[in-house]
A.B. asks: 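Here it is, the structure, as structure tokens.
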Amino acid sequence: MSSMSRARVARRIAAGAAYGGGGIGLVGAAAVGVLLAEVRMAKRVVGNGNSPHPPSAEGLYGRSYGSRYGRPYGPFAPYHGTYDPSEDPPIRLVMLGDSTAAGQGVHRARQTPGALLASGLAAVAEHPVELRNVALPGAQSDDLDRQVALVLEDPARVPDVCVIMIGANDVTNRMPPTRSVRHLSAAVRRLRTAGAEVVVGTCPDLGTIEPVQQPLRWLARRASRQLAAAQTIGVVEQGGRTVSLGDLLGPEFEANPRELFGPDNYHPSAEGYATAAMALLPTVCATLNLWPAEEERPDVSRREGFLPVARAAAEAASEAGTEVTAAMPTGPRGPWALLKRRRRRRVPATDPAPTTAAEPSA
């Protein structure tokens, strides 16, 4: 399917989500029976991702940076005294979504995407980061309403930035894409209205799952990309940013499937999550004005620039690691967006653990 065709499909799905449309299908009706049969077979092979519960990575990261207000040294010198969160609140980062946001498939807290993002954000900001995770393995987009309610239940502790990873279960459980995008858009709107920045890792490419065979691979890839593009339109229109996860791990999975898949052959391994976190971190930092200013300008050599939002969404869905954010409010073909392919910084999978009741200070 061409980029323009994907843009038209994504635009229709997003419009249906915005105006209460019904079930615009991700794949043809004739293919649905095959898709469901193959999904059930794949789920039996991988156990539907039912590995042990993901480790809890909630806690305080980067405590050693502490408060530097009134200190005589420069902004890059860590503070080695006692950190008092009441005097200098940490950056609040919250993870929402499904099993990939929760970190299912790994055994150590520091290997989860939340921990990797929190430790990376603390290092870039040189400031403590408090991580909270309300993601639920197996969740579909309709669970975001519950998750957002948990995040916003205390008005005094609104997050600085929220990262949402959702969509795979919507595809495998045949949730109409219009409904899926409607729930995601509503979640982003509520978080943005409360004052939080929002970054969404869009639906990953289900065609990279190791046990999945043809014709499901082709159908899953097509469905995943269509949903990812529609998600981008909905998120950007509500003031959030997206990063396409797509087939980000595709080449790595093909070359090293045992390294990037977890024990259940369904969820990413520690290396897989590190690759995803590496793609998300620059955008998370940019939402808080922590990324180099020169990186905010479009770089023509990296094929960055301003595009109608539907076209930017379609291009991002085809190239993993691509960021889309709102730009000009309108244009001849509707809202416009800025498409960026940020340079990635490696996030080590061995970053320190957070400060919790059971673990030492990072």
Side-chain angles (χ1 to χ4, degrees), residues 49-61 85 89-106 108-122 128-170 173 175 180 182-204 231 235 238 240-243 245 267-268 273 276-277 280-281 283-284 287-288 353-357:
N50 289 328
S51 57
H53 293 295
S56 175
E58 292 188 332
L60 191 65
Y61 292 74
I91 297 171
R92 295 192 179 102
L93 166 66
V94 176
M95 302 291 295
L96 304 90
D98 56 23
S99 56
T100 53
Q104 191 164 6
V106 295
R108 295 179 176 84
R110 66 173 180 264
Q111 297 171 330
T112 63
L116 293 165
L117 286 170
S119 55
L121 178 57
V129 173
E130 180 184 61
L131 173 66
R132 185 183 180 194
N133 198 323
V134 298
L136 178 68
Q140 300 176 50
S141 291
D142 55 5
D143 190 57
L144 289 175
D145 181 63
R146 181 192 64 83
Q147 294 183 27
V148 170
L150 288 174
V151 171
L152 300 180
E153 62 186 352
D154 184 355
R157 295 180 60 81
V158 173
D160 294 291
V161 59
C162 296
V163 175
I164 303 174
M165 301 169 73
I166 199 83
N169 295 317
D170 296 11
N173 288 285
M175 176 181 286
S180 175
R182 188 180 305 128
H183 284 296
L184 177 58
S185 299
V188 174
R189 181 169 60 250
R190 289 176 63 192
L191 292 169
R192 293 290 293 128
T193 300
E197 298 291 343
V198 181
V199 176
V200 174
T202 55
C203 182
Q231 286 178 320
V235 169
Q238 299 302 326
R241 303 189 191 203
T242 63
V243 176
L245 298 183
H267 294 96
Y273 280 128
L280 287 163
L281 180 61
T283 301
V284 170
T287 65
L288 301 174
T355 298
T356 66

A.B. asks: Given 3.5 Å as the limit, does a donor-acceptor pair link the side chain of T112 with the main chain of A109, or not?
C.D. replies: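 Yes; judged by distance alone, with no hydrogens or angles, the pair exists.
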A.B. asks: Would a distance-only check, ignoring hydrogens and angles, find a side-chain to backbone donor-acceptor pair under 3.5 Å from R192 to A196?
C.D. replies: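 Confirmed, R192 side chain pairs with A196 backbone.
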A.B. asks: Just how far is it from atom CG of L136 to atom OG of S99, taken to the nearest 0.5 Å?
C.D. replies: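 So the CG of L136 and the OG of S99 are separated by 9.0 Å.
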A.B. asks: State whether the number of non-hydrogen atoms from other residues, nucleotides or ligands found under 6.0 Å of R108 atom CZ is greater than 12.
C.D. replies: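 No.
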A.B. asks: Quick one: does any side-chain atom of N173 pair with a main-chain N or O of M175 as donor and acceptor, under 3.5 Å?
C.D. replies: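 Absent.
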A.B. asks: If I take atom CG from residue N133 and atom CG from residue L150, how far apart are they, to the nearest 0.5 angstrom?
C.D. replies: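 If I round to the nearest 0.5 Å, the distance is 11.5 Å.
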A.B. asks: What's the shortest heavy-atom distance between G103 and Y273, and which atoms?
C.D. replies: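 For G103 and Y273, the tightest heavy-atom pair comes out as C-OH, 3.5 Å.
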A.B. asks: Anything under 3.5 Å between a donor and an acceptor, one on a side chain of residues 155-167, the other on a protein residue two or more places apart or in another chain? List them.
C.D. replies:
residue	atom	partner	partner atom	Å
R157	NH2	E130	OE1	2.5
R157	NH2	E130	OE2	2.8
D160	OD2	R92	N	2.7

A.B. asks: Find the distance between CG (L152) and OG1 (T193) and round it off to the nearest 0.5 Å.
C.D. replies: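 Answer for the CG-OG1 pair, L152 versus T193, is 9.5 Å.
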A.B. asks: Salt bridge or not between R241 and E197? Use side-chain N to carboxylate O under 4.0 Å.
C.D. replies: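 E197 and R241: not salt-bridged.
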A.B. asks: Please give me the minimum heavy-atom distance between P90 and L60, naming the atom from each residue.
C.D. replies: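 Closest approach of P90 to L60, heavy atoms only: CB-CD1, 3.8 Å.
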A.B. asks: Could you go through the salt bridge (Lys or Arg N to Asp or Glu O under 4.0 Å) check for R132 and E153 one step at a time?
C.D. replies: CA-CA 13 Å; R132 185 183 180 194; E153 62 186 352; 3.5 Å; yes
A.B. asks: Kindly compute the distance separating CG (D170) from OG (S141), expressed to the nearest 0.5 Å.
C.D. replies: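 Reported value, rounded in 0.5 Å steps: 3.5 Å.
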A.B. asks: Side-chain contact, heavy-atom cut-off 4.5 Å: T242 with V199?
C.D. replies: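 Answer no - side chains too far apart.
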A.B. asks: Of the non-hydrogen atoms in H183 and L144, which two are nearest, and what is the gap between them?
C.D. replies: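 The pair with the smallest heavy-atom distance is O-CD1, 4.4 Å.
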A.B. asks: Look up atom CE in M95 and atom CD in Q147, then write down how far apart they are to the nearest 0.5 Å.
C.D. replies: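 One finds 10.5 Å between CE of M95 and CD of Q147.
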A.B. asks: What heavy-atom pair brings Q111 and L116 nearest, and what distance separates the two atoms?
C.D. replies: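 Here Q111 and L116 meet closest at O-CD1, 3.7 Å.
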A.B. asks: Could you measure the distance from the CG atom of L93 to the OH atom of Y61? Nearest 0.5 Å is fine.
C.D. replies: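 Answer rounded to 0.5 Å: 9.5 Å.
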A.B. asks: Could you pull out the closest heavy-atom pair between G201 and L280, with the gap in Å?
C.D. replies: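 Nearest heavy atoms, G201 then L280: CA-CD2, 4.2 Å.
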A.B. asks: Of all heavy-atom pairs between A115 and L131, which one has the smallest distance, and what is that distance?
C.D. replies: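 The pair with the smallest heavy-atom distance is N-CD2, 3.7 Å.
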A.B. asks: Is the side chain of D143 donor-acceptor paired with the backbone N or O of A139 at a distance under 3.5 Å, no angle test?
C.D. replies: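 No, because the side chain of D143 does not come within donor-acceptor range (under 3.5 Å) of the backbone of A139.
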